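Only one structure is covered here, and it is reproduced in the block below.
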Amino acid sequence: MAQEFLSDSNGFDRPNSDGGEPQRERIEFLIIGTREGVMAEIRKFYAMGFAQPDEWSRLTPVPNTDQVMTILVRYRWPRIY
């Protein structure tokens, strides 16, 4: 399980590029809401041990609204049955 999510030198999760192993699946978590609401959810995820606050992208304004969005990208090994 520890090898399931690996980070590159920039701190971003990335798939293993070794051709002999199956391709990892990209999983994206997106939060959209007010700045205060999004920050509260990031803190909740941190408190649960799900993700560090600096793993999320910068808050990006949603055009024509008062909302912002952020994304967290993780990679997982596909399950082989």
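Here the structure is a predicted model, which is why all the values come from computation and not from measurement. Throughout, numbering of the chain's residues begins at 1 and tracks the sequence.
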Is there any salt bridge (charged side-chain N to carboxylate O under 4.0 Å, His left out) pair reaching into residues 39-48, and which pairs are they, with sequence neighbours excluded?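 For residues 39-48, and leaving out neighbouring residues, the salt bridge (charged side-chain N to carboxylate O under 4.0 Å, His left out) pairs sorted by first residue read E41-K44.
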Quick check: does any side chain N or O of S57 sit under 3.5 Å from a backbone N or O of T70, one acting as donor and the other as acceptor? no
Pairwise side-chain contact, I31 with W56, heavy-atom cut-off 4.5 Å (strictly under):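 Yes - at least one pair of side-chain heavy atoms lies under 4.5 Å apart.
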Given side-chain contact (heavy atoms from CB on, under 4.5 Å), test Y46 with Q52 step by step and report yes or no. CA-CA 5 Å; Y46 172 68; Q52 296 290 319; 3.4 Å; yes
Should L59 and L72 be regarded as members of a common hydrophobic cluster, given that ILVMFWY residues are connected when their side-chain heavy atoms come within less than 4.5 Å of each other, either directly or indirectly?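 L59 clusters together with L72.
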For F29 and F50: C-alpha separation, side-chain torsions, deciding distance, then whether side-chain contact (heavy atoms from CB on, under 4.5 Å) applies. CA-CA 11 Å; F29 301 88; F50 178 73; 3.7 Å; yes
Test of understanding: with salt bridge (Lys or Arg N to Asp or Glu O under 4.0 Å), list the residues that count as partners of R26, not counting sequence neighbours. E28
